[in-house]
Amino acid sequence: MHFNESYFRQRLQAATEKVKQILENTRNPVFASDVHHSYDDKFYLAELVVKLGLASVVQTLRELGFTDEQLEMILAWSQSRSVSLRWKAEEKCSFVKEITREVDSGSRIETGGGLGGIGISLSTKKITKITEYVWKFEGKYDILAVRGVGSNAEDVQVIKTRKYAQELISASKNNPRCESKVYPSSDVNISWLVHLLDASHAVHFSIDRDDTKCRTPRRNAQVEGVFEGLSVLDGWCRSLEKFFTSSLFPVWRDHGLNVSDGMSASGVFVPALPLFEGSAGGRLAIDGGEGGDAMAGDEGSSVRLGASCVHALLAEQVRSLRERLVAVEGMFPAPSELKVISWAEGRTLVCLRHLLALCERVQACADFVEHMLRKQLVAAVGRELTAADFSSFARFHGRRLFRTEYGPRPFCYAVRRTAQHSPEGHISIEEASEGGSVSEPIATVASHAVPGAGAAPMRMEVNAATSVTFGGDRYLHAWLRHSFSGEAGAEAFLGAQARQFSSFIMLVGTIKSATEFEAKY
């Protein structure tokens with residue numbers, strides 16, 4: 001996994017400074033990699049960033065339009081059915097009237113002359129008639145909570161709905177929009193998120209370290225499940241964002257509103273941060289009695305943020321989000337004006353873009369925990385181990401495990417007519433070493449059968465009328481190839497080399513039976 005730690009730190013530097021403003025002066029929040037902590041603390045940190053991120057997601061859904069009653073309802077739905085968010089939209093554009101107006105081009109043509117000593121001056125102006133066509137554009141979109149597929153009316157809860165209308169003017173009688181259009185609805189399953197909520201709508205998330213598939217704080221079934229859900233939610237938010245910015249807003253061309261900056265989520269605090277409590281005055285700051293997250297005398301837990309710190313971070317997320325939404329309401333028309341762009345769309349876009357930031361931050365923080373663990377392992381070992389290192393390790397200890405006559409040997413064999421003749425050349429199967437500069441023969445365990453030891457000659461068909469019978473030494477090889485997950489491993493290749501003034505024929509194929517060989521190359 002490639003992770004750019006310097007870029008990650010740079011992006012979160014402003015957020016880290018913001019945390020110092022949020023918390024009390026006695027707190028010293030620092031990046032987790034900058035303070036000594038235990039392996040258990042890494043699991044705590046992974047759980048913390050996930051819980052902070054998901055709690056912020058739930059709060060953002062509230063600001064998007066969810067009420068407490070609707071949250072209670074989807075909690076009840078999730079007991080027996082799946083719960084999804086759905087957005088759908090439709091629009092129509094109908095012809096209203098045709099108008100013709102005269103436009104003064106402003107041009108003047110003056111001519112001068114004389115008649116009988118009297119000067120004459122003439123001026124003209126050009127009037128252009130313009131025909132315009134007026135259209136009425138109407139539309140509606142809905143954001144819904146759906147139980148199952150939403151086949152019945154009681155299976156659907158309206159989270160947000162909005163109707164709008166706009167007068168359009170075109171220079172031709174061709175409809176500037178579709179006469180009628182229904183956008184394909186987009187659903188995102190949020191059952192995974194609802195299952196993590198308790199009756200008070202608080203997030204409960206933990207990593208099952210007893211699970212045999214739990215590898216690290218990042219690589220386990222619980223975190224992977226959250227990431228899968230966040231990835232789908234990210235795609236849903238982007239599809240709705242694209243509807244607003246690419247399909248709806250261009251309808252009102254001369255609005256003069258600052259849509260790009262006014263509807264951004266910049267300034268909204270994202271509380272998911274990989275922070276620990278740093279040392280204060282040369283001693284580790286111990287969070288005494290803050291909800292059981294830290295225990296005095298425990299070296300690992302003394303660096304963990306206490307419950308009061310966590311609540312302060314979540315409170316700042318709520319405050320900054322609501323402050324941003326209030327600012328949006330003062331920058332755009334009210335929804336009651338039925339304009340295509342209003343502060344209702346502004347609030348929705350801010351929430352969507354904040355959700356996108358939360359999805360990205362949670363995954364980045366968990367990846368940072370994994371990267372931090374990897375760095376510490378590499379530092380402890382001294383270098384990054386590869387499959388080639390493991391192969392060398394296995395080859396070295398194989399000499400102690402096997403007897404000499406049965407141990408792995410390099411796959412490199414001389415080709416000769418008989419034992420009394422000099423080699424004509426050699427064949428080998430080689431594997432590129434680390435760095436790819438030098439290749440070495442692979443080590444195989446081989447079974448060797450000599451001619452005349454009860455082995456029947458092999459036969460190869462050249463064509464339908466011709467076959468070749470041959471004998472010689474026979475080897476059956478077994479190769480144990482090592483590779484790490486996510487790596488392709490070193491490339492192996494077959495090599496053949498003839499000595500000067502010598503030659504031999506090498507055939508590559510399939511052994512069909514104990515006496516038949518089918519050449520492929």
Side-chain angles (χ1 to χ4, degrees), residues 1-5 8 12 31-33 35-58 78 82-83 188-198 202-235 270-276 291-295 298-301 303-305 307 310 313-314 355 357-381 384-385 387 390 483-487:
M1 180 187 68
H2 176 71
F3 186 85
N4 191 334
E5 182 180 355
F8 176 77
L12 266 62
F31 271 96
S33 58
V35 63
H36 175 69
H37 59 273
S38 68
Y39 186 60
D40 288 341
D41 290 329
K42 289 182 172 61
F43 279 92
Y44 160 81
L45 186 60
E47 292 175 349
L48 177 63
V49 294
V50 170
K51 286 190 286 188
L52 285 171
L54 296 187
S56 300
V57 168
V58 174
S78 66
S82 65
V83 180
V188 56
N189 193 325
I190 59 170
S191 300
W192 63 273
L193 176 61
V194 180
H195 290 157
L196 296 174
L197 302 181
D198 61 14
V203 175
H204 286 270
F205 173 82
S206 62
I207 299 173
D208 184 8
R209 297 185 62 179
D210 295 329
D211 187 357
T212 56
K213 295 183 179 179
C214 179
R215 301 290 184 260
T216 66
R218 163 65 176 81
R219 293 185 294 133
N220 55 78
Q222 290 72 41
V223 172
E224 291 289 350
V226 169
F227 279 14
E228 183 179 352
L230 290 177
S231 177
V232 179
L233 179 61
D234 181 283
V270 179
L273 293 165
L275 300 178
F276 277 147
D293 283 338
M295 296 179 293
D298 185 279
E299 181 180 316
S301 62
V303 300
R304 301 179 183 181
L305 296 179
V310 174
L313 297 179
L314 291 174
L355 286 173
L358 289 169
C359 293
E360 187 272 337
R361 178 70 63 79
V362 171
Q363 298 188 55
C365 289
D367 288 340
F368 173 72
V369 175
E370 183 80 1
H371 172 73
M372 182 170 55
L373 176 61
R374 182 178 178 275
K375 277 183 61 178
Q376 291 171 344
L377 287 174
V378 172
V381 174
E384 182 178 353
L385 297 179
F390 195 82
S483 63
F484 291 155
S485 61
E487 295 182 0

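From a predicted model like this one, the values you see are computed outputs, not experimental measurements. Excluded from the calculations below are hydrogen atoms, water molecules and symmetry mates; all remaining heavy atoms, backbone and side chain alike, are included. All residue numbers in this chain count up from 1 along the given sequence.
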Please check: side-chain N/O of [X] versus main-chain N/O of [Y], any donor-acceptor pairing under 3.5 Å?
X	Y	value
E47	I207	yes
H37	A32	yes
R361	A272	yes
S56	L52	yes

Spacing of [atom1] belonging to [X] relative to [atom2] belonging to [Y], to within rounding of 0.5 Å:
X	Y	atom1	atom2	answer
N220	T212	CG	OG1	12.0 Å
K51	Y44	NZ	OH	7.5 Å
L45	L373	CG	CG	11.5 Å
K42	F368	NZ	CZ	9.5 Å
H195	I190	NE2	CD1	10.0 Å
E370	R374	CD	CZ	9.5 Å

- [ ] Check side chain to side chain donor-acceptor pair (under 3.5 Å) between E5 and all other residues, then give those that pass, not counting sequence neighbours.
- [x]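 E5 satisfies side chain to side chain donor-acceptor pair (under 3.5 Å) with R9, H371, K375 once adjacent residues are dropped.
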- [ ] State which residues pass side chain to side chain donor-acceptor pair (under 3.5 Å) with S78; sequence neighbours excluded, sorted by chain then number.
- [x]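 In terms of side chain to side chain donor-acceptor pair (under 3.5 Å), with neighbours along the sequence ignored, S78 is linked to no residue.
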TODO: Would you please test V369 and R218 for side-chain contact (heavy atoms from CB on, under 4.5 Å) and show each step?
DONE: CA-CA 7 Å; V369 175; R218 163 65 176 81; 5.7 Å; no
Task: Working for side chain to side chain donor-acceptor pair (under 3.5 Å), residues D41 and S38 - done: CA-CA 5 Å; D41 290 329; S38 68; 3.1 Å; yes
Open item on the list: Set out, in order, the CA-CA distance, both residues' side-chain angles and the distance that settles side-chain contact (heavy atoms from CB on, under 4.5 Å) for V232 and N189, then state yes or no.
Closed with: CA-CA 8 Å; V232 179; N189 193 325; over 6 Å; no
Of all the heavy-atom pairs spanning [X] and [Y], show the shortest one and how long it is.
X	Y	value
S82	S191	CA-OG, 3.2 Å
V35	F276	CG1-CB, 3.5 Å
P217	V223	O-CG2, 3.5 Å
V49	L273	CG1-O, 3.6 Å
T216	Y39	CA-OH, 4.1 Å
V57	L193	CG1-CD2, 3.9 Å

TODO: In sequence, state the C-alpha distance, the side-chain angles, and the governing distance for F31 and L12, and then conclude on side-chain contact (heavy atoms from CB on, under 4.5 Å).
DONE: CA-CA 10 Å; F31 271 96; L12 266 62; 3.9 Å; yes
Task: Intermediate values then yes/no, side-chain contact (heavy atoms from CB on, under 4.5 Å), F390 and L385 - done: CA-CA 8 Å; F390 195 82; L385 297 179; over 6 Å; no
